[in-house]
2 protein chains.
Amino acid sequence: MSDTTKKGDGTTKEQQPRRRQARGERRIAQLLHAAARVFCTTGYTAASTNAIAREAGVSPGTLYQFFPNKEAIAIELGDRLMHEMREAYGEALAPVDPATPLEEAIGSAVDWFMAFNTDHPVFFALMHGPDIPGRMAEAHEQLHTTVVGRIEALLASLMPGAAPADVTRTAHVCLGIYKAGLELVLAHEGAERAAYIRETKDVLIRYLEPLVGDRLGRA
Amino acid sequence: MSDTTKKGDGTTKEQQPRRRQARGERRIAQLLHAAARVFCTTGYTAASTNAIAREAGVSPGTLYQFFPNKEAIAIELGDRLMHEMREAYGEALAPVDPATPLEEAIGSAVDWFMAFNTDHPVFFALMHGPDIPGRMAEAHEQLHTTVVGRIEALLASLMPGAAPADVTRTAHVCLGIYKAGLELVLAHEGAERAAYIRETKDVLIRYLEPLVGDRLGRA
DNA sequence: CCAGAATGCGAGTGACCACTCGTGTTTGTC
DNA sequence: GACAAACACGAGTGGTCACTCGCATTCTGG
């Protein structure tokens, strides 16, 4: 009972972020980089903290100087990725210029997300595994609903008369198509990778084209 | 050295399948059923053999009376599923009647596979996890290439002039679309599930329609 | 230059898990 | 009914892994 993180005195200082030296910040970045590599190759659960420490060239004790536990490493990694994503997020989905042709809108959005994910394959590894820690699952869920919401907003202008449930379903299908395409894209390189990006766009365009067709037909 | 499974005498009897009683066969079925439930909820790696035994209502020792190790449980489960699948496999993809309209062909194939996977959710759980044991990964790979090969054969008649690489890529995209649809289908129930099956078919039809259009245009 | 904090180490600790073993019970066969 | 084999049990065993601890080293403010 009353086992909050409050300290004894009146001030609720639940965190004293332990003043870091430049060396510490460097180690953290180094450890996160190593963790990304290990998570990519073995997945989250199979990745051992000792392996991460070894990959970073430090001792297990050093790792725990900067992260309270294994989950915190994934959390911090996910948070940094999320932050980096949001920095340029609006560029990908926000501008819903109705004048933009569907092909172009889908093309740029897919290009942007594909580039982000191929640059940071950890993102997919952390989000996709069935072995994500509890806190990570929340973040994943949150991102998922956010993205679906954005897609819904885009679709709403294309499907003016549709029931909300239909719009939601269509948004989920679009995201599913993208994920399937991403998996294929990540599994290939060079020209083949580019071809799969092209295919992903085509699938989305052909799936959504009839909706636009209706709108244009009435316009 | 020479640590083969040969016995001392000349005969290389590396297996004496241990005569089973009816009770044993029942226990095996019971254990596989329990394993399916546990694998579905926790995934393969996170599933403990003790949990499987508990779910089946037997002791850990009893489990190891019938399976040499944890992987063997997944293997046997996968093998039985594969066998059951192949029993009715031809019905789903084999009959490539060129007279069948694309919609109908895709519709029946998707219906069949969706029904199989919703009846046996373990199949998806075992095939999809990043934590599959080595032997299981082989089986997965094999099934994957088999299915892709079948789809390629179907597509070949639709894309007569296309390069083999293009046909292969299209086949991979089709399978990816199906998997994405399956994930959405398994995440919903009742009417929503049916609606997602419908969407999956639509995505595939609209993706492949231009190919058929070419053929029909020339016919 | 010197306290004290931050950093770094790696052998250890406790928990968990796949798997085993000794022993007792049930079943099929003659 | 008697014997052997199959079945069943559950406490144990060895290994792995997340995480800790005591101690050495490096930085920072005064």
### Nearest-nucleotide comparison on DNA chain C, the residue closer to the 5′ end among V58(A) and N50(B)
V58(A)
### Summary
Comparing nearest nucleotides in DNA chain C, the 5'-proximal residue of the pair R23(B), P60(B) is P60(B)
### Geometric cation-pi criterion, K70(A) with Y44(A): 6.0 Å, 45°
yes
### Centroid separation H140(B) to H128(B) less than 6.0 Å
no
### Message
Centre-to-centre under 6.0 Å for Y207(B) and Y207(A), is that the case here?
### Response
no
### Task
Take H172(B) and E199(A) through the test side chain to side chain donor-acceptor pair (under 3.5 Å) and record every step on the way to the result.
CA-CA 10 Å; H172(B) 277 109; E199(A) 292 296 304; over 6 Å; no
Expressed in angstrom and rounded to an integer, what is the separation of [X] atom [atom1] from [N] atom [atom2]?
| X | N | atom1 | atom2 | answer |
| --- | --- | --- | --- | --- |
| I73(B) | dC19(C) | CD1 | C1' | 11 Å |
| K70(B) | dC17(C) | NZ | P | 9 Å |
| I28(A) | dA6(C) | CD1 | P | 13 Å |
| E25(B) | dT27(C) | CD | P | 16 Å |
| N69(A) | dG14(C) | CG | P | 20 Å |
| L63(B) | dC9(D) | CG | P | 11 Å |
| Q21(A) | dC27(D) | CD | C1' | 5 Å |
| Q65(B) | dA5(D) | CD | P | 14 Å |

## Note on the structure
For C40(A) and P121(A) the tightest heavy-atom approach is SG-C, 3.7 Å
Reckon [X] has a side-chain N or O less than 4.0 Å from the OP1 or OP2 of [N]?
| X | N | value |
| --- | --- | --- |
| Y64(B) | dT20(C) | no |
| R19(B) | dT29(C) | yes |
| T62(A) | dC9(C) | yes |
| T49(B) | dA18(C) | yes |

### Query
What does G24(B) touch in the nucleic acid at a heavy-atom separation under 4.0 angstrom: a base, only the sugar-phosphate, or nothing?
sugar-phosphate
### Query
When all nucleic acid strands are considered with a 4.0 Å heavy-atom cut-off, which category describes A47(A): base, sugar-phosphate, or nothing?
sugar-phosphate
### Message
Looking only at the side chain of R27(B) (C-beta and beyond, no hydrogens), which of the listed nucleotides dA8(D), dA18(D), dC17(C) gets closest?
### Response
dA8(D)
### Summary
Assert: residue with more 5' nearest nucleotide on DNA chain D, out of G61(B) and A22(B), is A22(B)
